[in-house]
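Remarks on the structure that follows.
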Amino acid sequence: MSKKYSTIFPLMMALSLLLANTLFAQLADYPDDEREGIKINYTEANVGTYTLPDPLELLNGKKVTDAKTWFEKRRPEILRLFEENEYGRPVGDPKDVSFEKFDAGTPAFEGKVLRKQVTIRFAKENPEPSADVLIYLPADAAKPSPLLLHIGFMANCATVDDPGVKAGEIWNREKQKVPTDCKSAFGKIDVLQFINRGYGFATIYYGDIDPDFSGGLPYGIRAFYLKTGQTEPAADEWGAISAWAWGLSRVMDYFEQDEDIDAGRIAVTGVSRLGKTALWTAARDQRFAMAIPSCSGEGGAALSRRNYGETIKLITLPQRYGYQFCANYSKWSDDPSSNPVDAHMLIALMAPRPVLLQTGDTDKWSDPKGEFLAAVAAEPVYHLLGKKGLETDKIPQSGVPILNDIGFYMHKGGHGMHAVDGTSDWEVYLRFMDIYLKP
Ligand code: GCU
């Protein structure tokens, strides 16, 4: 090497390394932890080795090489495997569901918004279970509006700041349903940010569909569909997440009947267990045009075969979140690699529709890298259908979104959709929606 190059070369190397480090994230390791006597690994070098099932290989060993085989054979096969092995098959009947519009369109937010409220009765003549859906649409819309459907931990009146919203009931810590005071532990969602960009916003309280605690079965939608003599769903029948997802599909049934709503352009979102729910909802129900699961982690978009953060064993413990899944899920506790499905196949069920995985770089319990790697492994299905995946196998720096048909965004910070500096991720969601949902 000439003298000139011997000085420039190391400089260039250092520069490209610096550049690579600013573009790609290096997630920190953390000390191991323990819960319920189960060890939790937070060291990347100790995640173990694993082989993922090929999303493009049928159970009979044949490769899927065309869209027709994907949609007619492999997609239904994967969907059934998820029902059997993770979330449970919803057994509700949409024919039993009715809608009561009790707020048919009232001006709100200084007239910029049209508010609607609908009660969904899930069990026909029975008044309960029922859920109120709160819908906001741009008042000046010339055409049916696309919208973001949010499933939340709070009653509708606590989710937004609008005195016109019906005050519903919520489950308290004593496992009783009580009137809400409409206060929110999470802050209120700014409705106008969607309206100003031409979208509607709708929200539903998940506890109206099925309660979120072990032993909640008798109080939710699943109880209504138990057969005579059955005291709990069969091992492959719906857990709470599948019940919430089924409820969201009933909201979609309503959207399809409302001519002010563009039911072909609906995105669904939720955080954490409701991120798992949003992803499972749209994975199953292809009427949803987009999913934006936030920090869905284990039992959501993060690979279970990676031993990092929460595991199947931890999540399915009866004293933890076993009730959210079907009973079969716990079969894979000691050996997640024997589960015929993993999170990349759940993301693949979204194809060719856009899906944005939002995570946080210190949300180690949810394993943001496990979500990233699942997205990478779902890519061949998107390619088969002529769409783009993440198109990189290097996890991007926090704060830098990838907004291809598969999107990934890791904010700087922890669990939820707020970064350490307090800013929320709605703006990234809206950018994603602008790319794929704008009429
Ligand atoms: C627990 C659970 C997670 C879940 C989270 C939430 O932490 O272990 O899997 O996502 O609750 O819903 O907030």
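Every number for a ligand or one of its atoms is a count from 1 in the order of the listing.
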One line per pair, note the atom names and distance for all nitrogen or oxygen contacts under 3.5 Å between ligand 1 and the protein.
residue	atom	partner	partner atom	Å
ligand 1	7 (O)	W365	NE1	3.0
ligand 1	8 (O)	E310	OE1	3.1
ligand 1	8 (O)	E310	OE2	2.5
ligand 1	8 (O)	W365	NE1	3.0
ligand 1	9 (O)	K276	NZ	2.8
ligand 1	9 (O)	E310	OE1	2.6
ligand 1	9 (O)	E310	OE2	3.4
ligand 1	10 (O)	S272	OG	2.7
ligand 1	10 (O)	R273	N	3.4
ligand 1	10 (O)	K276	NZ	3.1
ligand 1	11 (O)	R273	NH2	3.0
ligand 1	12 (O)	S272	OG	2.7
ligand 1	12 (O)	R273	N	2.9
ligand 1	12 (O)	R273	NE	2.5
ligand 1	12 (O)	R273	NH2	3.3
ligand 1	13 (O)	S272	OG	2.7

- Under a 4.0 Å N-O cut-off, is there an ion pair linking E77 with R74? yes
- Task: Identify whether the distance between the nearest side-chain nitrogen and carboxylate oxygen of R115 and D162 falls below 4.0 Å.
- Result: yes
- Taking the six-membered ring for Trp, are W365 and Y42 ring centroids under 6.0 Å apart? no
- Query: Taking 4.0 angstrom as the limit, do R80 and E84 come out as a salt bridge?
  - Reply: yes
- Task: Of all the heavy-atom pairs spanning A202 and F255, show the shortest one and how long it is.
- Result: CB-CZ, 3.9 Å
- Before accepting this row, confirm whether a basic side-chain N of the pair D103/K166 lies closer than 4.0 Å to the acidic partner's carboxylate O. no
